[in-house]
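Counting starts at 1 for both ligands and their atoms, following the listed order. These values consider heavy atoms only, across backbone and side chains, with no hydrogens, waters or symmetry-generated copies.
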Amino acid sequence: MAATTSKPAGLARHEAASALIPGGVNSATRYIGAPFALTAASGAYVTDADGQRYLDYHAAFGAILLGHNAPVVNGAVRDALGGLDLTGIGVTDIEIELARLVTDLIPSAEQMIASTSGSEATAQAIRLARAVTGRRYIIKFQGGFHGWHDAVARNVISGPDTAYGRDPMSAGILDEALDATLIAEFNDLDSVRALYQTHPEQIAAIILEPIPHNVGALLPTQEFADGLRSLTTEHGSLLIFDEVITGFRHTPGGYQQVCGVRPDITTFGKAMANGYPIAGVAGRRDLMQRFSSAGGDVLLAGTYNGHPVCAAAAIATMTYLRDNADFYERTHRLGDRIRAGLAGILEELDVSGVVTGFGGVFLVYFVDGPVRGYRDLLGNNHDAYVAFHRRMTEAGFLMLPMSLKRNHISGAHTEEDIDRTLEAARDVLKGMRADGTV
Ligand code: PLP
């Protein structure tokens, strides 16, 4: 008689979900095979439906910064519940406090508006830039991701045949919307100058992730960051820093605090509330006054904007980050430790690759370096990248098994966690060496 084996609980959940939700997930990149479903999260760890624990480097795509279920955030949320809920009239004390914190922390922020997601924030920022300049085009960089809406859902992880060309991430986007977004190369000012030449006085804004973390971590040269500031000023365009990932993660003021460049508009989200859905746009007062709430001509609307529970989570997270400077010292030190450890292992095993990242973000590109822009990533060994993350996940270290995805260290990770990760990485890379994956 054949032995009956029961179906893993995670797979059963995935199958049940797939009957009701397309693909069984509410965001396409959440489907990674196993683990199919997580049932608990605490600090640096998550647990799947079959009871396996993982050290979490995925961090909900970077939304978790202090660790899962951080008591300081949960406490603030609990306090907010039962107080004034959503009314749709006027303003709450919580929204004023939120705006005060954001404008205090982000160097270029004079005023802010709150939204629910990063995609809404970038959509608002781009529309504002077009309204203010009266121009049609925006420039984004190959590899940059700014959300799912029509203006920007193109040219992120493109293959060699589609990079720099027309590479929409979705069907259903009007050609006109795609055509109004121009693509340049990160860390290459000439590629930006060329677009200004072909589209004189027609470019409303340049939008960039100051570190394009959606393709790992391309590190901007100071010359590039300064050059974008001067080019946009010279040509009457706006500079938009999309700090949805870098904001609050690397410093309280985002990457603009590191590079000293002041964008006209900043978008932020994710880590600002340690996993609660809130995001925003901040910028120069004269620009922000164009929103219809201030009598301007750029529509500002959103039922949930500044929701008290999410705003309370954001205030708690940002206050913690502002008042605990050692948070950054610690996560950056752990980042340095894992980057140095991984580089040593690659060398020891004679595996060619580039270990990179910034602060608590780290990753290994399986390419010969140096890596400056997206072009240098076209030769990334996709199979090796995915295999490394997949095998690390199987070993209990959750790393998104997709090419060019990054790993995040939170405030809950310890030195011991990092050292265990390095031991596992050595074993995984040894195995990949042995079976010819690298
Ligand atoms: N901007 C950047 C840099 C992002 O990484 C993301 C999401 O990954 C977004 C914008 C969109 O944010 P959301 O998923 O909250 O809509």
Side-chain angles (χ1 to χ4, degrees), residues 25-32 57-65 106 112-129 138-157 169-170 173 181 183 186 205-220 228 239-250 254-256 258 263 265-283 302 304-307 310-311 313-314 317 357-361 363 374 400 402-408:
V25 284
N26 273 311
S27 184
T29 43
R30 287 187 194 174
Y31 177 76
I32 63 167
Y57 287 114
H58 183 300
F61 288 98
I64 301 296
L65 181 58
I106 299 180
M112 77 156 281
I113 56 164
S115 62
T116 309
S117 68
S119 296
E120 291 167 73
T122 56
Q124 289 278 27
I126 289 167
R127 185 186 274 172
L128 177 63
I138 58 161
I139 295 178
K140 82 176 265 296
F141 294 90
Q142 176 65 54
F145 180 66
H146 306 289
W148 52 259
H149 55 91
D150 290 3
V152 286
R154 60 172 296 186
N155 292 81
V156 184
I157 301 187
M169 299 175 81
S170 175
I173 304 179
T181 299
I183 307 297
F186 196 77
I206 297 180
I207 184 167
L208 71 148
E209 296 180 69
I211 299 178
H213 279 310
N214 279 285
V215 287
L218 300 174
L219 302 177
L228 291 180
L239 183 61
I240 305 173
F241 271 16
D242 179 1
E243 300 234 40
V244 164
I245 296 177
T246 50
F248 308 103
R249 175 165 292 281
H250 295 322
Y255 196 76
Q256 57 195 265
V258 178
I265 303 175
T266 302
T267 52
F268 46 89
K270 291 203 197 251
M272 75 181 287
N274 205 48
Y276 282 84
I278 184 164
V281 181
Y304 300 110
N305 291 355
H307 190 287
C310 301
T317 307
F358 187 88
V361 169
L363 60 128
Y374 190 83
L400 181 59
M402 275 175 64
S403 200
L404 304 182
K405 288 304 166 198
R406 64 200 176 273
N407 302 300
H408 313 81

query = Looking only at N/O atoms, are Asp242 and ligand 1 under 3.5 Å apart anywhere?
reply = yes

query = Considering only heavy atoms, does His213 approach ligand 1 within less than 4.0 Å through its side chain, its backbone, both, or neither?
reply = neither

ask   = Can you tell which of Val244, Asn214, Ile278 gets a heavy atom nearest to atom 5 (O) of ligand 1?
value = Asn214

key: Atoms in ligand 1 flagged as close to Ser117, the criterion being non-hydrogen separation under 4.0 Å   = 15 (O), 16 (O)

query = So which protein heavy atom does atom 2 (C) of ligand 1 come closest to, and at what separation?
reply = Phe145 O, 3.2 Å

remark   = Looking at Gly247, Gly118, Gly147, the heavy atom closest to atom 12 (O) of ligand 1 belongs to Gly118

task = From atom 14 (O) of ligand 1, work out which of Gly144, Ser119, Pro212 has a heavy atom at the shortest distance.
result = Ser119

request  = List the steps and the verdict of ring pair (Phe, Tyr, Trp, His ring centres under 6.0 Å) for His408 and His213.
outcome  = CA-CA 11 Å; His408 313 81; His213 279 310; 7.6 Å; no

message = With the threshold set at under 4.0 angstrom, would you say Lys270 reaches ligand 1 through any of its heavy atoms?
response = yes

ask   = Closest approach of Gly247 and Ala271, non-hydrogen atoms and distance?
value = O-CB, 4.2 Å

Atom indices of ligand 1 within 4.0 angstrom of Ile245 heavy atoms, with elements = 5 (O)

inquiry  = Can you confirm if the aromatic rings of Phe358 and Tyr255 lie within a centre distance of less than 6.0 Å?
reply    = yes

